2 protein chains.
Amino acid sequence: MRIGELSAKTGVPAATIKYYVREGLLSGGERRGHNQVEYGEDHVRRLRLVRAMVEVGSVPIAKVREVLAEIEEPDRDIDSTLGVASRALSQHRVPNERPAAEDLELARDIVRRRGWHAVPLDHGSIWALADAIGRLRELGLADMVDMTGEYARAAEIVAEFDLTLLSLRQDRDEILEAMVVGTVLGDAIFESLRRIAQIEVSARVYQRGQRDPIEDESLSSLMDSNCAGQRPPPRLFMREWQCLHLSGF
Amino acid sequence: MRIGELSAKTGVPAATIKYYVREGLLSGGERRGHNQVEYGEDHVRRLRLVRAMVEVGSVPIAKVREVLAEIEEPDRDIDSTLGVASRALSQHRVPNERPAAEDLELARDIVRRRGWHAVPLDHGSIWALADAIGRLRELGLADMVDMTGEYARAAEIVAEFDLTLLSLRQDRDEILEAMVVGTVLGDAIFESLRRIAQIEVSARVYQRGQRDPIEDESLSSLMDSNCAGQRPPPRLFMREWQCLHLSGF
């Protein structure tokens with residue numbers, strides 16, 4: 001296909017496609033005589049992969065090139081390739097300086113309390129976690145740090161499925177692509193679902209009657225101890241003022 | 001305190017502080033005679049809040065201003081204020097054009113299957129979810145779409161705690177700040193924990209013996225059906241080549 005068709009198929013402007021080719025993120029098409037360059041399905045697929053990283057994951061071009069170079073290194077063992085890709089895709093979260101010892105310790109506690117032992121305690125993701133925890137502390141939201149254990153429980157559910165998805169793939173390139181796309185789009189999907197779930201949960205708190213039983217005991221008791229007697233949390237994002245009975249203003 | 005101390009306390013360079021004041025994200029300090037401006041604890045707190053949004057959430061300055069303006073509107077009902085803040089903080093995920101009908105339907109199915117009914121079906125987060133789903137489809141990863149239901153389950157666990165955190169707060173400003181910070185830092189924390197959990201889960205798959213029992217039945221059977229006989233998923237990010245027995249290369 002011509003570049004116009006490639007652009008239409010992928011939603012990437014022709015100028016951007018040419019830029020990606022110059023930047024080495026995409027192989028040039030096949031020259032067919034004067035001013036004719038042919039692109040194939042490989043280009044479509046690769047372009048969508050690049051797009052997912054750049055547009056959804058906001059991965060810098062240089063990092064995208066790094067990930068793609070790894071993917072194209074057939075002799076590299078897939079384990080280290082996945083490692084490189086994962087680090088490249090997470091790097092925007094990893095702080096440049098070592099986090100405060102106190103925050104690193106808090107992050108490691110969360111990992112240990114969850115019974116996690118495989119991750120190196122100086123892994124970039126531990127640093128990223130410690131960095132976020134430090135900001136929570138600075139902002140006087142230490143109680144959110146205590147609750148991070150529940151985030152870890154949820155993260156494990158997601159990770160189980162992430163790994164299942166990889167296990168369903170046999171081909172090396174497919175595994176790598178699924179990992180890259182799954183990492184980037186998985187974050188986006190979870191963020192959206194978290195926002196939606198917040199709306200649902202807050203609606204339930206206001207309609208105790210219709211409320212589904214909460215699976216998690218400790219949580220339900222926690223919710224009750226917070227909500228019983230006291231006012232429930234504000235009903236989020238619903239614009240239904242009559243549902244709000246907040247004291248203090 | 002002087003601007004130098006404010007900068008030291010918050011880790012924000014003096015030039016950036018002045019920029020934030022010019023941009024209206026931070027009130028100017030109190031003038032005390034010639035070349036002396038005093039800042040207080042309110043400035044420290046506000047600066048950290050701005051920093052969380054700008055640095056961690058990558059929220060554009062204009063959006064930060066929007067959120068802060070809402071927070072400072074004491075007469076506005078907290079429900080709509082939370083809505084404005086939430087939209088501002090999620091906007092980078094919401095596509096400009098309406099997603100394909102097919103993807104919107106897939107997104108709504110996930111919401112319905114989870115038994116969620118409170119969220120408006122054209123909510124920005126539904127659009128964001130549909131957008132991500134569309135990219136998965138384009139990339140031929142439709143099976144990831146089917147699994148998004150488990151993501152929703154995990155998102156509900158996180159959302160229950162997000163709401164609990166708000167319910168622990170009485171003061172309007174505290175509720176709003178906890179929501180803004182919790183949204184931005186919560187995403188960062190979950191991303192890090194997901195990466196860590198992937199390492200842990202993949203390590204477990206390789207050490208079936210030491211593997212903790214999986215709470216979720218459907219998952220454990222799914223994992224088993226995938227892993228039994230077949231090769232397990234690659235052991236992620238561990239650089240332990242000897243653990244890999246991948247066929248095909």
Side-chain angles (χ1 to χ4, degrees), chain A residues 48 52 77-80 82-83 86 90 116 118-119 125 128-129 132 135-136 138-139 144 147 150-152 154-167 172 181 185 187-203 219 226 233-234 236-237 239 241 244 249, chain B residues 48 52 77-80 82-83 86 90 116 118-119 125 128-129 132 135-136 138-139 144 147 150-152 154-167 172 181 185 187-203 219 226 233-234 236-237 239 241 244 249:
Chain A
R48 285 175 173 157
D77 72 69
I78 191 167
D79 185 27
S80 66
L82 285 167
S86 169
S90 311
W116 291 343
V119 65
S125 296
L129 179 58
R135 291 170 192 268
L136 284 176
E138 282 178 352
L139 286 157
M144 287 181 74
M147 295 211 167
E150 276 309 299
Y151 270 66
E156 202 164 323
I157 292 173
V158 167
E160 298 266 16
F161 276 81
D162 291 337
L163 268 285
T164 304
L165 282 165
L166 295 191
S167 75
R172 179 181 185 279
V181 175
L185 287 176
D187 288 337
I189 286 171
F190 187 86
E191 266 187 42
S192 307
L193 288 169
R194 179 183 171 216
R195 305 282 188 282
I196 296 167
Q198 286 173 334
I199 296 173
E200 298 293 335
V201 172
S202 66
L219 171 64
N226 295 329
L236 290 181
F237 332 135
R239 300 195 142 281
W241 178 227
L244 289 169
F249 56 98
Chain B
R48 285 176 173 155
D77 71 71
I78 190 165
D79 184 27
S80 67
L82 286 167
S86 168
S90 312
W116 291 344
V119 66
S125 296
L129 179 59
R135 291 169 193 270
L136 284 176
E138 282 179 351
L139 287 157
M144 287 181 72
M147 295 210 167
E150 276 310 299
Y151 271 66
E156 203 164 322
I157 293 173
V158 167
E160 297 265 17
F161 275 81
D162 292 337
L163 268 285
T164 304
L165 282 165
L166 295 192
S167 75
R172 179 181 184 279
V181 175
L185 287 176
D187 288 336
I189 286 171
F190 188 85
E191 266 186 43
S192 309
L193 288 169
R194 180 185 170 212
R195 306 281 189 280
I196 296 167
Q198 287 173 334
I199 297 173
E200 298 294 333
V201 172
S202 66
L219 170 64
N226 295 329
L236 290 181
F237 331 135
R239 301 195 142 278
W241 178 224
L244 290 168
F249 55 97

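We use all heavy atoms of the structure for the numbers below, so side chains are in, but hydrogens, waters and symmetry mates are not. A quick note: this is a predicted structure, and the numbers were derived from the prediction, not measured. We name chains A, B, ... by the order of the sequence lines, and we start the count at 1 in each one.
In this structure, the separation between CD1 on A:Ile199 and OG on B:Ser125 is 6.0 Å, given to the nearest 0.5 Å. A:Leu193 contributes atom CG, which lies 5.0 Å from atom CG of B:Leu129 (distance to the nearest 0.5 angstrom). The distance from the CD atom of A:Glu156 to the CD1 atom of B:Ile196 is 11.5 Å, given to the nearest 0.5 Å.
Counting all heavy atoms, side chain and backbone alike, B:Ala128 lies closest to A:Ser192 at CB-OG, 3.4 Å. The two atoms that bring A:Ala132 and B:Leu185 nearest to each other are O-CD1, 3.9 Å, heavy atoms only.
Although no hydrogens or angles enter the test, the distance criterion places a donor-acceptor pair under 3.5 Å between the side chain of B:Glu200 and the main chain of A:Ala118.
Heavy-atom pairs under 4.5 Å with chain A peak, among B:Ile189, B:Asp162, B:Leu136, B:Val181, at B:Asp162. Comparing B:Arg194, B:Arg48, B:Met144 by heavy-atom pairs within less than 4.5 Å of chain A, the highest count is held by B:Arg194.
For A:Glu191, the salt bridge (charged side-chain N to carboxylate O under 4.0 Å, His left out) criterion is met by A:Arg195, B:Arg93, not counting sequence neighbours. Here A:Arg135 pairs with A:Asp131, B:Glu55 under the salt bridge (charged side-chain N to carboxylate O under 4.0 Å, His left out) rule; sequence neighbours left out.
Taking the six-membered ring wherever Trp is involved, the centroid distance between the rings of B:Tyr151 and A:Phe161 does not fall below 6.0 Å.
Looking at heavy atoms from C-beta onward, A:Glu150 lies out of side-chain contact with B:Val158 at the 4.5 angstrom threshold.
Contacts of A:Asp187 with chain B are made by both backbone and side-chain atoms, with heavy-atom separations under 4.5 Å.
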